[in-house]
Structure formats: structure tokens, C-alpha cells
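Comments concern the structure below.
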Amino acid sequence: VSAREGRLVAELLDDSDGLAREALLDMSADRALGMVRGWPQLMQSAAELWAVLPPDPTVWANGDPIAILAAMGKAVGRSLAAGHWPGRGPSDEAWEQITSNFLEAGRLLEKQPVAAEAVSTDGQVRPTTANTHMLHALYVAAHATSVALTGYERGLQDRLEVGARRRQPLVERPTLLEVELVGGMIARFDAIEQLAAASLAARRIEAADQPATGRRRPATRLGVALAVWEVQAYRTLANQPDPADLVRVSRVQALIATTTVVVGEAAARLGGTDAGVIDRLTPALENVQLAWSRSARRWAELTTPASRTDPALVGAAGQLRVAIRGAVANQTGWATPDQIAARIDLPATVMTLHGSLLASVELANITREIAADHPGLAAPARVIAMRAQGEAEFAIEQGETRFEGVRWVTPDQITANQVIPLPEPARRGLVNAATDVAAAINQAVAAAAHLRPTARAPRVGVDGARRVGRAAREREISVHHPNRGGRPR
Amino acid sequence: MPALGIPEHAVFHRYARIVPPVVISGSIFQRRLDLDKRAMEIDTAETLAGVVRLLRQAAVLAWAAADRAEAGSAAQLFALGVDLAADQARHLVPDGIEIDGLVPAGGEPTGVLRSAELLLQRLAPIAWAALDDLRATVAGLLLEGNAGVGA
């Protein structure tokens, strides 16, 4: 890469960052839909550029932030392609330009073997800052999308209220469902934004720690296993998953939530993390664990003796289990805080697990979408008969008439316990279980909003009282329960 | 005395194909591709199917114990291990071999795991790394279970 091309790359990254900042300043709700639609391509181009950027000595082997962000971007893309809100349509022009910039920068860097020093304008923009620059542009773009979506949601709510007050025809009003869908998308972009922000923060700490030697910090086994698991979970769920895969994903996510509690409590006990935040986070994470476990039990009902779990998913789960066991367990159960501290860098691991919590927002959403409309879902007839009947009866109690008198399974199918496609009422229980998971994660994300590694986060204030950060509710994403009521589980 | 849940019966030496699955893409039912086909005696395949049933039942019991325990129990770690061992065993069973069968009796997961281990020992010696891995996995889980994690 020549000096001129290096300068061009730096300029393209500068331009991208500027476009993202302008979009944020613009705060235009009108652009929200285009921003969501343009995100998958933008993220894909970022991943391609990242792959050819000079290796960054401050990136941990386990801390590649782009892999998981790219997986989340693809998940949004699949969601749009499947017709979920906001569906297909024009992309935001600025997002298209950033995509084009990233692709162009990638092409320039691909031309010749990478020379780390070359990606600079006047010797100031070094590879580390080039990578950071790109991450920063992504972070601002995700934040801008989230802000625009929030404005869009507010607009919908206003129109909904005004429409009801003025008794406008129903067709002219937005629906409550649309408001809920926008809320769901805000939660997804909030997680993407926070992951990008956490990666930036980690890079700054890392760069400040070891700028002179540039030595790579050794990857922790748990961090690597988590990263591998997350990417594999996205891949498996994107590739026509079997119910057995969803059981496995749910069970592993539940275990990750529990592990986060164990590590967080150990870190708080030993002064590695703000104890007040951990106190708030622990019950929220326990709810996450319980919600994933309930979801796992629901999906398990759909498995058959012949079911196979994706072997790649099994491999990743196995690695993660071994890593968790090695980090936080002993022969008889969880290890003591001192034992855990002797094995892993507690504050860093808390932050790694926090990143995993953020990424799980998307997994919950994908699970919900699979439950709602995956065409390949099927289950044994007896299970379907039981579940469909229960959900249909509940829906009828709620005033829905379309399920009245409908027979979901024939006697022959029940006799043979034939595997048949899942009817709509049977899907509702799965959708509700996934919605509960998303809600529980959102509450945990809110509770963890001020999670920081330590020295700057003393356990108690000068008055002896435990420090607490900004109220958790401030960060909490609203809970969206489509088709919900107090239905049976 | 046959191992728990596995009926004792004599079989002729028939042969099945062992097909370690590999994920590629496509539909739920087509995504796994046959690779590295090797002959496997049918009774070996059926014994492995019995191992799958035992491990799945052990997993059901382990998860029941984990779900009964308070949130955050370490029993999850053990239960997930048993689940993964069942997945591992399932992939060793060739297509066309019936997995369905009687649910093995047994009230606690380590007892059922022990039966699976005995059944694996009964298999004729086969130079097959995947089977050795499964044996090692089950033995490791038994150690965990006997130590009291989630059992």
C-alpha cells in the first residue's frame, strides 16, 4: 500500500465518520427506516474492510469486535429479507455512502501486501487508529440509527393518540403492533451500539496499557470460547435450525447468564467491579437464566428421537462449557471468589461477559422470529395437539374468534404421533417465551449500564454507602409483548 | 443382565453405514452430508442408539435437577455436559437406525450415565477416535456427577 493509498484510506474513514456524525446531528426520524435497511450492507462492508486492515496489536485474539457485530448485522438483514419490520425499501443515502467508502478502502488495501505504517495521512493515523476510526464510525452510525428510531417511535405514538382522540379511521392510524416492532428494533440497535462502544473503550484501555511494546495480551480461554460460541450460534440459527439447535442455544445462554452472576459476584467481593451494579445485575441475570431455561423447555417439546443438533454448535458449546468449568467451577460446584481470581482476570472477564449479554439481545430476537414464522418448524402431533389447544383456548378467552372450532391435529396424526408443521397457536407459546427472554435481557442490560472495571469504581462511597450509578430504569428498553396477556406457560 | 434400558438379544452380523455428519447448508433435513463412510455392524449401531437413549434420559434427569435447584445452580454445568454427550453420541449413529425406543428407567442421572458407560464398554473394540472421545466424555461426566455437581 503506497503512502497515497494509505492517505486515501484514512480520508475514506474520516468521511465515513463525518457522515455518521452528521446523521446523528440530523436526528431525523424520517431517515430511521432507511438507516435500518442500510445497516446490513454497511456492516458487511465494515467486516470486509476489517479483514484487510493491518493487524492491530491492541486487539486481543478473543476480542475481535467485528465478528459479532457482523453476525448481528446479518441477522438484521435476514429479518428484513423475511419481511419483518420495516421490510424492504430504500436505504439511507449516507449509509450507502459509508458502505461504499468501506468497500473502496478495502479494495485499496487489498491491492498490495499490508504495510502497517502505510495507513496514515501524515504519520499520525496509524493502523490502530485506522481500526479505531472504523469502529468509531460504526458506533456513531448505530447510535444515530437508534436515535432516529426513537424519534420515529415517538411520532407513531403521537399519531396513535391523536388518531384515537379524533376518531380517525383505523386504516389511517399506525397500529400498536407497529410501535412494538419499532421498540424491538431500537433494542437491537441499542445492543449493537453498546457492543461497538464497549469495543472502543476496551481498545483505549488496552492501548493505554501497552503502547510501547505493542505486545498482544494473551487471550483467555473463556473469552475465546464465548466469541466462538456467539458467532456459531448466529450461524446455526441462520441456517434452517432444528428445534434441537434452539434447545442447545437456550440452555447455553442460560449457563452464560449464571456464569456472569458467579464472575460478577466474585469481582464485586474482591473489589474488581462496582458492587452496587452487581447487586442490581444479579437478580436481573437470574431472570435471564430462568427465561432462557423456560424457552429451552418449550423448544425441547418439539424435538423428536431422530433430532440432531448442529455438530458445529455442539463443538462450540462443548468448548465453552470446558472453559466455564475451568474458570469458575471446581469438583463440587462453583469455585470461591479467591479461586476464580487466581484463574482469570476478573474485571476483564466481567466486561467480556457483559459484551456477551449485549449480543444475546439479538439471539433472543432471532429466536422469536424463528418461532413466529420459520416455515420448517414441525413437531410430534401429540405435543402440537396439547399446546395448540391450550394456546387457542387462551386466545378465545381473550376474544379472538378465528381459532374457534378449528381442529389442529387429526386423530390419525395423533395415533401415529406424526411429525407435522406447527400451527399458529402452537407458535404463540414459543414466541411468548422468546419475548420473555428479550424482556429479561433488556432489564439486565439496563442494570449493567454502569458496569465498569474497577479501580475507578470503588465499592463504597465516602459516606460508607454503596455507590450506585444512574438509575437502571433510565437505560431500560421498554418491554414488548406482542400477543401477550397472562397466558399460561 | 443387559445394561439399563437395552434389551438383550442376539443379532446376525449385518452392516450399516456410519456417516459422521457435516453441516453444509440447505434445509433442516438436507443440511448434513455423508462423509467418510465406513462399515459398521448393525448391532454396534443399535448399541450406540441405546447409548443415545440413555444419555438423553440422563440429560432429562440432570436438567430436572438443575431446574429444581435455585437459579444459578452449578447443576446446569453438569446437565449441559450430559446434553452435549447425548448430541455427540447421536452423531455417531448412522442414518436409518431407529433411535426411538423405551425410555430407560433410572431416577438419578449418574446411574443412567453409568449404564451408558457400561454399554459403551460392551462395544467391540473399534479404532474410531469419535467413539473414544465419547467414552472419555462419559467417564468425565461420571466423575463430575459422583463428585456431587448436579447429580
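The structure presented is a predicted model; accordingly, all values stated were derived computationally and were not measured. Throughout, protein chains are lettered first and strands after them, A, B, ... in sequence-line order, and every chain is numbered starting at 1.
- At least one side-chain heavy atom of B:Asp83 sits under 4.5 Å from a side-chain heavy atom of A:Arg248.
- Top candidate by heavy-atom pairs under 4.5 Å with chain A, chosen from B:Asp87, B:Thr137, B:Leu84, is B:Asp87.
- Side-chain contact between A:Val249 and A:Trp229 is present, with at least one heavy-atom pair separated by less than 4.5 Å.
- Within the 4.5 Å cutoff, the side chain of B:Trp63 has no heavy atoms near those of the A:Val247 side chain.
- Scanning both residues, A:Ala447 and A:Val277, for their nearest heavy atoms gives O-CG1, 3.6 Å.
- Between B:Asp100 and B:Arg56 no salt bridge is recorded (no basic side-chain N to carboxylate O distance below 4.0 Å).
- Using non-hydrogen atoms only and a strict 4.5 Å limit, the part of residues 255-263 of chain A facing chain B consists of A:Leu255, A:Thr258.
- Options B:Asp67, B:Val52, B:Ile99 differ in how many heavy-atom pairs under 4.5 Å they form with chain A, and the most are formed by B:Asp67.
- Proximity of A:Pro241 to A:His374: side-chain heavy atoms (C-beta onward) are separated by under 4.5 Å at one or more points.
- Counting heavy-atom pairs closer than 4.5 Å to chain B, the top residue among A:Gly315, A:Ala317, A:Ala306 is A:Ala306.
- Proximity to chain B (any heavy atom under 4.5 Å) is shown, for A:Ala296, by neither the backbone nor the side chain.
- A:Glu369 and A:Arg78 are not joined by a salt bridge, as no carboxylate oxygen comes within less than 4.0 angstrom of a charged side-chain nitrogen.
- Using a 4.0 Å cut-off between charged side-chain N and carboxylate O, B:Arg122 and B:Asp43 make no salt bridge.
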